[in-house]
Number of protein chains: 2
Amino acid sequence: METAGMKRKEREFLARRREILSAAERVFAAKGFFPTTMSEIAREAEFGTGTLYKYFKSKEDLYFSLIDEKVEEINRLVKAELDKKNSPLERIKNVLRLQFEFIEQNRDFFRIYISERSRFEWTVKDDLGKGIHEKMVSYIEALSLVMKQGIGEGELEALDPVDLAHALVGMVNSFVFEWLISPRPYPLVSKTDTVLKIFLRGAERMERRR
Amino acid sequence: METAGMKRKEREFLARRREILSAAERVFAAKGFFPTTMSEIAREAEFGTGTLYKYFKSKEDLYFSLIDEKVEEINRLVKAELDKKNSPLERIKNVLRLQFEFIEQNRDFFRIYISERSRFEWTVKDDLGKGIHEKMVSYIEALSLVMKQGIGEGELEALDPVDLAHALVGMVNSFVFEWLISPRPYPLVSKTDTVLKIFLRGAERMERRR
DNA sequence: TCATTTTATGAACGATAATTCATTTTCTAA
DNA sequence: TTAGAAAATGAATTATCGTTCATAAAATGA
């Protein structure tokens, strides 16, 4: 068993694994976790049912691997953007656009993710589910930090940074959800300015303010 | 069988039905739809398993009846408030407070509802689920109308009223979600002013704006 | 080519849970 | 008090999957 052979085997193994994950993504997105069966995923991936278990320990393991790997990816992108040396406001703007672009590229995944966000069932018991919820929290924390910097530098009003982060994330989720259920497809990125405008300037008419 | 007898029977039937719904609310809120079993609900409600089927056609029927009746209730309250003769801004403020109060009074229910919002599984196939999603849509429509009036009367910036509605609802959901998962209980109503302030005035510091 | 190892397969197993229904319990009213 | 009606019950039925595993197929390398 020489090294080159090992390497190819490994590559092929991972390629098949990715194949299964991609099929699972489509099925889970369409039907949700419980109604999806392992046989359906196997059929969609063109593997035998038993084969899935060579690649994943269980249905839950498959599901969480799927989510975890994508969340890891978007988190890396966002964190990189938030760590840049721009002004806080610039960083918020860039992250917003980045996120909308990523979501647009991963429609199926975000159907799963948005459901997962509000699934209380696992949060307590499952270790796998817990890991994902921790990543969500850490994302809010990173965003809160930038808000705090924005306040410190006089760019943002002196409100609670965590509240600000929740407000922005809430708006984003709402627009993403709307985009996901909309029968008429439109570019999600086109909502970037709207979100930014409402978040930064508010909805009340300027002239009325004192 | 005289009328008075009939009436009492009916009252008792409905009382038991409500008893079951209230037990189901607790169990579904803790574990979600699929992991909850009919026997568990029966045990919690102190009825036999078979008895539940005298009151509800199926598990789904029980679940959707639960959601539908509460959504109906909050929708009635919100619609009443939105139809008042106040200025649009006043109505938005009042609805916000009203909603937070209602949610605070119905914690268990909103754990179910928030999960349900983003469950794509039913939206298409099930008639029962469809009814609920229609009520969500009609709520957004009612809110959009008030936004439109607010713009017409010069109280709000001339943005897309539907976008404005989604932005506000998104922020509300975000704060509700946070409140639901928070281990330390705090009054949700205390967030009313924060939400209102961010939504109306925005997060950007006044002095910086041109 | 062929013996050996690795990988894939899907039928069979076992567990779970929604629903039903024969039986029991409770209620009704004469 | 009691026959008959109505309601409640939970064990039995049935169906559905997640998972396993004995077997088959494919890959390997001599």
Side-chain angles (χ1 to χ4, degrees), chain A residues 1-24 27-28 30-66 121-122 125-129, chain B residues 1-24 27-28 30-66 121-122 125-129:
Chain A
M1 241 194 256
E2 5 82 84
T3 328
M6 265 294 279
K7 287 263 173 83
R8 198 205 69 212
K9 275 287 176 67
E10 217 171 302
R11 273 201 314 279
E12 286 183 359
F13 178 87
L14 288 174
R16 281 189 220 106
R17 189 175 181 280
R18 251 178 282 119
E19 196 69 34
I20 293 170
L21 282 173
S22 146
V27 186
F28 280 133
K31 321 199 356 171
F33 180 78
F34 287 102
T36 294
T37 71
M38 289 300 265
S39 326
E40 273 178 292
I41 296 172
R43 203 174 327 116
E44 175 78 21
E46 295 172 77
F47 283 97
T49 312
T51 313
L52 301 193
Y53 288 84
K54 302 282 191 234
Y55 294 85
F56 300 95
K57 259 205 345 287
S58 65
K59 187 184 175 187
E60 288 203 358
D61 181 38
L62 170 47
Y63 185 67
F64 285 118
S65 300
L66 173 55
E121 298 136 53
W122 342 86
K125 55 170 188 172
D126 265 289
D127 276 353
L128 295 155
Chain B
M1 242 193 259
E2 6 82 85
T3 329
M6 264 295 279
K7 287 262 172 84
R8 199 206 62 209
K9 275 286 176 67
E10 216 169 301
R11 272 201 315 278
E12 285 183 357
F13 178 87
L14 287 174
R16 282 190 217 103
R17 189 176 182 280
R18 249 177 284 118
E19 196 69 34
I20 293 169
L21 283 173
S22 145
V27 186
F28 280 134
K31 322 199 353 173
F33 180 77
F34 287 102
T36 294
T37 70
M38 290 300 264
S39 326
E40 274 177 291
I41 296 172
R43 201 172 331 116
E44 176 77 22
E46 296 172 78
F47 283 97
T49 312
T51 313
L52 302 192
Y53 289 85
K54 303 282 191 234
Y55 293 84
F56 300 94
K57 261 208 339 291
S58 66
K59 187 183 172 186
E60 289 202 359
D61 181 38
L62 169 48
Y63 186 67
F64 284 117
S65 300
L66 172 56
E121 297 135 53
W122 343 85
K125 55 170 190 172
D126 264 290
D127 277 353
L128 294 155

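Every chain is numbered from 1, with letters handed out A, B, ... down the list of sequences. As a basis for the values below, the full set of heavy atoms in this structure was taken, side chains included, without hydrogen atoms, waters or symmetry mates. All values derive from a computational prediction rather than experimental measurement.
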Trainee: CG of Leu21(A) to OH of Tyr55(A): how many Å apart, nearest 0.5 Å?
Mentor: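 Separation between the atoms: 11.5 Å.
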
Trainee: Looking only at side-chain N and O atoms, does Thr51(A) come under 4.0 Å of OP1 or OP2 in dT9(C)?
Mentor: yes

Trainee: Any idea how Phe28(B) and Tyr63(B) line up, ring-wise: parallel (<30°), tilted (30 to 60°), or perpendicular (>60°)?
Mentor: perpendicular

Trainee: Tell me whether the side-chain N/O atoms of Thr37(A) come closer than 4.0 Å to OP1 or OP2 in dC17(D).
Mentor: no

Trainee: Under 4.0 Å, heavy atoms only, any strand: does Arg43(A) hit a base, just the sugar-phosphate, or nothing?
Mentor: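 If one applies the 4.0 Å heavy-atom cut-off, Arg43(A) turns out to touch nothing in the nucleic acid.
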
Trainee: Given atom NZ of Lys57(B) and atom P of dT20(C), what is their separation to the nearest angstrom?
Mentor: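 The distance from NZ of Lys57(B) to P of dT20(C) comes to 11 Å, rounded to the nearest Å.
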
Trainee: Using whole Å, what does the distance between atom C1' of nucleotide dA8(C) and atom CD1 of Ile20(A) come to?
Mentor: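 It works out to 11 Å between those atoms.
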
Trainee: Given atom CZ of Arg11(A) and atom P of dT7(C), what is their separation to the nearest angstrom?
Mentor: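 Distance, rounded to whole Å: 15 Å.
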
Trainee: Sort out the partner of dG29(D) for me: Watson-Crick or G-U wobble, both distances under 3.5 Å, none otherwise.
Mentor: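 Answer to the pairing question: dC2(C), which forms a Watson-Crick or G-U pair with dG29(D).
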
Trainee: So what does Ser39(A) hit on the nucleic acid, given a heavy-atom distance under 4.0 Å: a base, only sugar-phosphate, or nothing?
Mentor: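 No contact.
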
Trainee: Looking for any heavy atom pair under 4.0 Å, which part of the strands does Lys54(B) touch: base, sugar-phosphate only, or nothing?
Mentor: base

Trainee: Can you check the Met38(B) CE to dT9(D) P distance for me, whole Å?
Mentor: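 After rounding, the reported distance stands at 14 Å.
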
Trainee: dC17(D) C1' sits how many Å from Lys59(A) NZ, rounded?
Mentor: 8 Å

Trainee: Counting side-chain heavy atoms from CB outward, which of dT19(C), dG18(D), dT6(C) is closest to Tyr53(A)?
Mentor: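 Minimum distance to the Tyr53(A) side chain belongs to dG18(D).
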
Trainee: Could you check how far CZ of Phe34(B) sits from P of dT16(C), rounded to whole Å?
Mentor: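 Roughly 18 Å, once rounded to whole Å.
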
Trainee: Are any of Arg16(B)'s side-chain N or O atoms less than 4.0 Å away from OP1 or OP2 of dA8(D)?
Mentor: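 The answer is yes; a side-chain N or O of Arg16(B) sits under 4.0 Å from OP1 or OP2.
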
Trainee: Closest-nucleotide mapping onto DNA chain C: is Gly50(A) or Gly50(B) further toward the 5' terminus? I mean the 5' end.
Mentor: Gly50(A)

Trainee: Rounded to the nearest 0.5 Å, how far does OG of Ser65(A) lie from CD of Glu60(A)?
Mentor: 11.0 Å

Trainee: Over how many whole Å does the gap from Phe13(B) atom CZ to dC27(C) atom P extend?
Mentor: 17 Å

Trainee: Could you check whether Lys59(B) makes a cation-pi contact with Phe33(B), meaning its NZ or CZ is under 6.0 Å from the centre of the six-membered ring and within 45° of the ring axis?
Mentor: yes

Trainee: Rounded to the Å, how far apart are Glu19(A) CD and dA8(C) P?
Mentor: 13 Å

Trainee: Within the pair Tyr55(A) and dA8(C), is there a side-chain N or O less than 4.0 Å away from OP1 or OP2?
Mentor: yes

Trainee: Could you check whether any side-chain heavy atom of Tyr53(B) comes within less than 4.5 Å of a side-chain heavy atom of Met38(B), counting everything from C-beta outward?
Mentor: yes

Trainee: Please tell me which of the listed nucleotides, dT19(D), dT6(C), dA8(D), lies nearest to the side chain of Thr49(A)?
Mentor: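 Among dT19(D), dT6(C), dA8(D), the one nearest the side chain of Thr49(A) is dT19(D).
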
